[in-house]
Amino acid sequence: PDAFVHEHINLAHEVANSLGIAIQQADLLETERRQRREAETLYAAAEILVSSLNLSEVLDNILYQLDSVIPYDSSSIFLLKGNELEIVAFHGNQGIIDAVGFKIALPEESLFLEIQANRRTILIEDVKTDHRFQIWGPVDNVRCWMGVPLISRGDVIGFVTLDSVNPGAFNQDNALLAQAFSNLASVAIENAQLFNQMLQRV
């Protein structure tokens with residue numbers, strides 16, 4: 001009893017305050033380092049994305065570079081063609097490559113309609129608890145899902161989707177990073193499409 005006197009209490013407060021400041025500074029430093037790494041990765045990915053004007057190469061590069069920015073189990077690129085969505089690229093160890101060329105009618109997919117309307121990424125931490133994912137039917141190899149709009153000149157031209165077998169694999173920081181990456185990817189896709197159109201006119 002009475003082992004600690006008033007001076008001990010004051011000293012403990014000072015130590016606790018100093019530790020709190022040190023921890024806060026360490027967190028800020030780690031956040032700054034992480035943001036710098038993300039910016040460097042985005043810059044490197046952007047250089048690769050604009051290195052080709054071949055649309056197929058651009059689409060493949062997008063998914064390979066995206067994996068270096070946000071690791072995923074599988075990812076797809078959907079492009080809007082009228083009122084249809086077509087899978088034009090796929091990468092990952094889940095699903096099948098034959099998914100490329102698969103088409104769905106846009107009005108039937110509420111998730112994509114929501115992304116298109118809001119022009120914002122949708123993140124589903126666990127697809128088994130979200131009714132919007134039910135249109136795909138029972139999916140055993142996807143638990144966490146993210147859909148990102150591809151926006152060119154103010155219009156949504158398609159979507160990038162990322163899948164993980166682990167619930168909660170993606171977070172809001174990943175969603176912001178994915179949108180920044182997709183903005184770069186949209187420019188690369190548009191440049192390749194314009195180049196292909198120019199070649200067809202020659």
Side-chain angles (χ1 to χ4, degrees), residues 35 38-70 72 74-92 99-125 127 130 132-133 135-136 144-163 170-202:
Q35 291 174 340
E38 291 173 351
E40 291 171 351
T41 305
L42 273 178
Y43 180 78
E47 286 188 315
I48 294 174
L49 290 184
V50 299
S51 65
S52 173
L53 288 173
N54 180 287
L55 184 57
S56 295
E57 289 182 7
V58 168
L59 295 172
D60 287 339
N61 283 341
I62 287 171
L63 296 187
Y64 280 106
Q65 293 306 312
L66 179 58
D67 196 21
S68 69
V69 177
I70 306 170
Y72 57 75
S74 60
S75 181
S76 302
I77 298 176
F78 295 77
L79 289 184
L80 269 169
K81 298 184 178 181
N83 288 325
E84 283 189 329
L85 278 175
E86 180 179 353
I87 299 179
V88 293
F90 174 88
H91 179 240
V100 175
F102 177 74
K103 296 179 181 180
I104 60 170
L106 182 60
E108 296 177 5
E109 180 46 70
S110 61
L111 273 171
F112 287 138
L113 281 177
E114 187 176 340
I115 296 170
Q116 184 184 37
N118 297 326
R119 285 169 165 70
R120 277 198 311 239
T121 298
I122 287 182
L123 169 61
I124 299 178
E125 295 186 358
V127 300
D130 195 305
R132 294 172 298 176
F133 208 82
I135 189 170
W136 298 106
C144 190
W145 183 90
M146 184 158 49
V148 191
L150 289 165
I151 302 174
S152 175
R153 301 178 186 271
D155 294 324
V156 176
I157 62 171
F159 310 89
V160 177
T161 64
L162 296 84
D163 310 324
F170 308 130
N171 56 37
Q172 291 300 326
D173 287 340
N174 295 143
L176 292 174
L177 192 57
Q179 186 60 71
F181 180 89
S182 293
N183 291 340
L184 299 173
S186 298
V187 174
I189 290 173
E190 183 181 34
N191 288 343
Q193 289 176 329
L194 290 173
F195 181 72
N196 288 344
Q197 291 172 10
M198 183 183 69
L199 288 180
Q200 291 172 2
R201 292 172 186 166
V202 175

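Treat the numbers as computed from the prediction; the structure is a model and nothing was measured. Each residue takes its place number in the sequence, starting with 1.
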Asker: Would you please name every residue forming a ring pair (Phe, Tyr, Trp, His ring centres under 6.0 Å) with Y64, sequence neighbours left out?
Answerer: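 Only H91 meet the ring pair (Phe, Tyr, Trp, His ring centres under 6.0 Å) criterion with Y64.
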Asker: What pairs of donor and acceptor atoms, side-chain ones from residues 144-154 against any protein atom, are under 3.5 angstrom apart with sequence neighbours left out?
Answerer:
from: S152; atom 1: OG; to: E190; atom 2: OE1; distance (Å): 3.2
from: S152; atom 1: OG; to: E190; atom 2: OE2; distance (Å): 3.2
from: R153; atom 1: NE; to: E190; atom 2: OE2; distance (Å): 2.4

Asker: So, using ring pair (Phe, Tyr, Trp, His ring centres under 6.0 Å) as the criterion, who are the partners of F170 when residues are at least two apart?
Answerer: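 Not a single residue meets the ring pair (Phe, Tyr, Trp, His ring centres under 6.0 Å) criterion with F170.
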Asker: If you measure from OG1 on T161 to CG on L111, what distance do you get to the nearest 0.5 Å?
Answerer: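 With rounding to 0.5 Å, OG1 (T161) is 10.5 Å from CG (L111).
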Asker: Quick one: closest heavy-atom pair of L66 and F181, and the distance?
Answerer: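 Residues L66 and F181, closest heavy atoms: N-CZ, 3.5 Å.
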Asker: Who are the salt bridge (charged side-chain N to carboxylate O under 4.0 Å, His left out) partners of D155, not counting sequence neighbours?
Answerer: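 D155: no salt bridge (charged side-chain N to carboxylate O under 4.0 Å, His left out) contacts found.
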Asker: Just jot down the side-chain contact (heavy atoms from CB on, under 4.5 Å) partners of N183, sequence neighbours excluded, or say none.
Answerer: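 Scan of N183 (side-chain contact (heavy atoms from CB on, under 4.5 Å), adjacent residues dropped) gives Q179.
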Asker: Locate the shortest heavy-atom distance separating F112 from L85; write the atom from each residue and the value.
Answerer: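 Nearest heavy atoms, F112 then L85: CD1-CD1, 3.1 Å.
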Asker: Can you list the steps and then say if L177 with V69 is a side-chain contact (heavy atoms from CB on, under 4.5 Å)?
Answerer: CA-CA 8 Å; L177 192 57; V69 177; 3.3 Å; yes
Asker: Run through L53, I189, N191 and flag the one making a side-chain contact (heavy atoms from CB on, under 4.5 Å) with V58.
Answerer: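 Of all the options given, the one that passes is I189.
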Asker: Would you mind reporting whether I122 and F159 have side-chain heavy atoms less than 4.5 Å apart?
Answerer: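 With C-beta onward as the side chain, the pair stays apart.
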Asker: For residues 59-70, pull every pair meeting salt bridge (Lys or Arg N to Asp or Glu O under 4.0 Å), keeping only residues two or more places apart or in separate chains.
Answerer: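 Qualifying pairs: none.
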Asker: Quick one: side chain to side chain donor-acceptor pair (under 3.5 Å) partners of D130, sequence neighbours excluded?
Answerer: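 Partners of D130 by the side chain to side chain donor-acceptor pair (under 3.5 Å) criterion, ordered by chain and then number, come out as R132.
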Asker: Under the rule for side chain to side chain donor-acceptor pair (under 3.5 Å), what residues qualify as partners of E57, not counting sequence neighbours?
Answerer: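 E57 satisfies side chain to side chain donor-acceptor pair (under 3.5 Å) with S52 only.
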Asker: E125: what forms a side chain to side chain donor-acceptor pair (under 3.5 Å) with it, not counting sequence neighbours?
Answerer: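 Residues passing side chain to side chain donor-acceptor pair (under 3.5 Å) with E125: none at all.
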Asker: Flag the pair Q65 / L184 as yes when at least one side-chain heavy-atom distance between them is below 4.5 Å, and no otherwise.
Answerer: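 They are not in side-chain contact.
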Asker: Which atom pair, heavy atoms only, marks the closest approach of L63 to I77?
Answerer: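 Nearest heavy atoms, L63 then I77: CD2-CG1, 3.6 Å.
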Asker: Would you please name every residue forming a salt bridge (charged side-chain N to carboxylate O under 4.0 Å, His left out) with E84, sequence neighbours left out?
Answerer: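 By the salt bridge (charged side-chain N to carboxylate O under 4.0 Å, His left out) rule, E84 matches no residue at all.
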Asker: I'd like to check the salt bridge (charged side-chain N to carboxylate O under 4.0 Å, His left out) partners of E86; sequence neighbours left out, ordered by chain and number.
Answerer: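 Applying salt bridge (charged side-chain N to carboxylate O under 4.0 Å, His left out) to E86 gives K81.
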Asker: More than 12 foreign heavy atoms under 6.0 Å from CZ of R120: is that the case here?
Answerer: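 Not buried by this count: 12 neighbours or fewer within 6.0 Å.
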